[in-house]
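Computed from a predicted structure; not experimentally measured.
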Amino acid sequence: MNAPLMNPPLQMRELNVSNDLLGDRAALQAAWDRDGYWFFRDVLDKDVIARIRGIYADYLAGLGLADREDPAIRYNGGDLSKLPNQANASPLNIAHVERELHEAPTVNAFFKKLFGCDPFWVPFTVHRTVPPALDRSLPRLEFIHHDGIYNDGLPFLICWVPMDVIDEDVGGLGVVEGLQNQPTLHRKEGMTIHPIRLEDVPEGAWLHTTSRPGDVLLMSMGTPHSGITNWSKDRFRLSMDTRIMPSSGKVPLVGTLTAVSAEKVTIRDARGDHELRLDEKSFVRGTLGDQMPIAEIPKRYKPGNAVIAAFDDGRVVNMRPQS
């Protein structure tokens with residue numbers, strides 16, 4: 001007799017689909033204000049998604065985790081320790097595979113229609129090639145959080161793009177509806193930020209759906225969400241988390257540090273050098289995503305580092321590495 005699973009099946013409602021709102025700015029804004037997300041089906045160029053999926057497949061095959069001749073890219077039982085511990089340290093990130101998406105005219109045309117202006121892609125992306133969990137006692141929700149707690153002042157939208165069919169077994173994303181404008185559920189101790197506890201999320205607020213290539217989910221910075229543990233037999237969860245915003249908004253500085261101290265930083269972009277001061281309220285991202293004390297900033301951030309910086313009145317509001 002098989003042992004019972006340690007976690008129950010997902011009990012989540014379906015995401016609302018926003019396709020019928022395209023072209024209606026008022027209706028889109030109302031849905032965003034109510035739900036904290038938009039989910040669109042079959043709107044991104046599937047040829048672009050297929051190219052990226054092929055790059056993911058080659059990457060997994062090169063690690064010996066999938067067979068090159070297998071179009072389903074199934075896990076073949078190889079050594080999973082070859083995958084980087086941190087998803088943003090993946091060679092896919094280092095190679096900036098996300099540019100396949102960011103630079104595709106058809107993809108940008110969709111977002112221009114959505115925003116009413118050209119999109120601005122924030123260079124903050126994670127490529128996910130999540131294998132099946134070998135330990136079924138792991139929590140089904142991996143890390144409950146919202147991005148705003150770590151990126152205060154960076155006004156981007158989270159843009160989640162599936163590269164394959166991602167159903168309940170494979171996991172994908174669980175989204176908490178309607179809390180984006182409420183007080184944070186994160187607990188803070190000094191500069192340490194703790195993940196959201198499952199018991200603090202209102203019952204019935206979780207949403208999920210089976211997603212497919214061509215779909216896209218956009219979330220508010222304040223929308224709690226979590227990756228869902230991959231319980232499939234042999235499939236990888238293939239997806240991209242990237243960041244986007246309307247170009248008409250207050251876009252951040254995206255450039256390279258040329259000088260760093262505990263009092264100020266200088267960031268060089270295509271327009272030249274920009275000197276920004278630091279103070280105790282400046283959220284500068286530490287190695288664990290928490291806020292760094294400004295005295296320690298020169299220990300981590302060095303001239304030549306590529307960064308993203310939100311700013312106001314010559315002051316750093318939020319600074320983090322590009323990825």
Side-chain angles (χ1 to χ4, degrees), residues 84-103 118-128 145-160 186 188 191-193 219-222 240-323:
N85 290 330
Q86 301 248 346
N88 59 5
S90 161
L92 299 170
N93 275 76
I94 295 167
H96 295 294
V97 172
E98 66 275 5
R99 290 173 181 163
E100 291 280 345
L101 186 82
H102 295 178
E103 297 175 4
D118 289 329
F120 179 85
W121 293 98
V122 181
F124 171 14
T125 299
V126 179
H127 300 276
R128 301 197 185 274
H145 68 288
H146 66 74
D147 282 36
I149 197 73
Y150 307 102
N151 299 284
D152 183 33
L154 282 170
F156 55 67
L157 286 68
I158 299 96
C159 180
W160 183 79
H186 282 277
K188 294 184 71 174
M191 289 188 170
T192 301
I193 301 168
M219 291 184 291
S220 163
M221 293 270 286
M240 180 192 298
D241 308 342
T242 190
R243 308 296 186 272
I244 193 172
M245 63 181 294
S247 60
S248 59
K250 188 171 177 54
V251 300
L253 277 174
V254 174
T256 303
L257 288 170
T258 59
V260 185
S261 73
E263 292 77 36
K264 60 186 179 182
V265 295
T266 304
I267 300 172
R268 178 172 296 164
D269 67 4
R271 296 169 296 162
D273 285 352
H274 307 267
E275 186 176 280
L276 301 173
R277 69 184 184 278
L278 295 160
D279 63 24
E280 295 293 340
K281 293 183 179 180
S282 298
F283 191 117
V284 178
R285 193 176 177 101
T287 55
L288 299 177
D290 294 344
Q291 183 179 4
M292 293 186 70
I294 59 172
E296 297 181 11
I297 290 170
K299 298 178 183 178
R300 182 183 185 207
Y301 290 87
K302 306 291 184 182
N305 288 168
V307 296
I308 308 163
F311 60 97
D312 185 53
D313 194 27
R315 181 183 72 89
V316 170
V317 175
N318 188 299
M319 188 174 79
R320 58 158 297 129
Q322 295 183 33
S323 61

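- Distance alone, capped at 3.5 Å, places no donor-acceptor pair between the Thr266 side chain and the Asp273 backbone.
- Taking OG from Ser220 and CD1 from Ile158, the interatomic distance works out to 6.5 Å, rounded to the nearest 0.5 Å.
- Side-chain contact between Leu253 and Arg271 is present, with heavy atoms from C-beta onward closer than 4.5 Å.
- Using a 4.5 Å heavy-atom cutoff, the side chains of Asn151 and Phe124 are in contact.
- In this structure, NE2 on His127 lies 4.5 Å from CG on Asn93, to the nearest 0.5 angstrom.
- In this structure, Leu92 and Met240 have side chains that are not in contact, with every pair of non-hydrogen atoms separated by 4.5 Å or more.
- The shortest side-chain heavy-atom distance between Arg243 and Leu154 does not fall under the 4.5 Å cut-off.
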Between Asp147 and Met219, does the side-chain contact (heavy atoms from CB on, under 4.5 Å) criterion hold? Intermediate values first, please. CA-CA 9 Å; Asp147 282 36; Met219 291 184 291; over 6 Å; no
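- The two atoms that bring Met245 and Pro155 nearest to each other are CE-CG, 3.7 Å, heavy atoms only.
- A donor-acceptor pair is defined here as one N or O able to donate and one able to accept, closer than 3.5 Å; such a pair exists between the side chain of Lys302 and the backbone of Pro298.
- Surrounding NZ of Lys250 are more than 12 heavy atoms belonging to other residues, nucleotides or ligands, all under 6.0 Å away.
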Checking side-chain contact (heavy atoms from CB on, under 4.5 Å) for the pair Arg300/Val260: CA distance, chi angles, key distance, verdict? CA-CA 10 Å; Arg300 182 183 185 207; Val260 185; over 6 Å; no
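- Here the side chains of Glu280 and Ile294 are in contact, with some heavy-atom distance below 4.5 Å.
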Dump the intermediate steps for side-chain contact (heavy atoms from CB on, under 4.5 Å) on Ile308 and Val122, then the final yes or no. CA-CA 8 Å; Ile308 308 163; Val122 181; 3.8 Å; yes
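- Within a 6.0 Å radius of CZ in Arg315, other residues, nucleotides and ligands contribute more than 12 heavy atoms.
- Under a 3.5 Å cut-off, the side chain of Ser282 and the backbone N or O of Val284 do not form any donor-acceptor pair.
- A perpendicular orientation is assigned to the rings of His186 and Tyr150, their planes being inclined by more than 60° (bins at 30° and 60°).
- When every heavy atom of Ser90 is checked against every heavy atom of Pro84, the shortest pair comes out as CA-CG, 3.8 Å.
- What you find for Phe120 and Pro252 is that their closest heavy atoms are CE2-CD, 3.8 Å.
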Under the side-chain contact (heavy atoms from CB on, under 4.5 Å) criterion, do Trp121 and Glu98 qualify, and how do the steps go? CA-CA 10 Å; Trp121 293 98; Glu98 66 275 5; over 6 Å; no
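- No side-chain heavy atom of Phe311 sits under 4.5 Å from any side-chain heavy atom of Val316.
- Between Pro123 and His96, the closest side-chain pair of non-hydrogen atoms is not below 4.5 Å.
- In this structure, the separation between CG on Asn305 and OG1 on Thr258 is 11.5 Å, given to the nearest 0.5 Å.
- The CZ atom of Arg285 lies 8.0 Å from the CG atom of Asn318; values are rounded to the nearest 0.5 Å.
- To the nearest 0.5 Å, the span separating CD on Glu263 from CZ on Arg277 amounts to 13.0 Å.
- Residues Leu278 and Met319 fail the side-chain proximity criterion, which asks for heavy atoms closer than 4.5 Å.
- A donor-acceptor pair is defined here as one N or O able to donate and one able to accept, closer than 3.5 Å; no such pair exists between the side chain of Asp269 and the backbone of Gly255.
- When all heavy atoms of Gly153 and Ala310 are compared, the pair lying nearest together is O-CB, 3.1 Å.
- Atom CG of Asp290 sits in a crowded spot, with more than 12 heavy atoms from other residues, nucleotides or ligands closer than 6.0 Å.
- A donor-acceptor pair under 3.5 Å is absent between the side-chain atoms of Arg320 and the main chain of Gly289, judged by distance alone.
- Residue Ile297 holds its CD1 atom at 10.0 Å from CG of Leu257, rounded to the nearest 0.5 Å.
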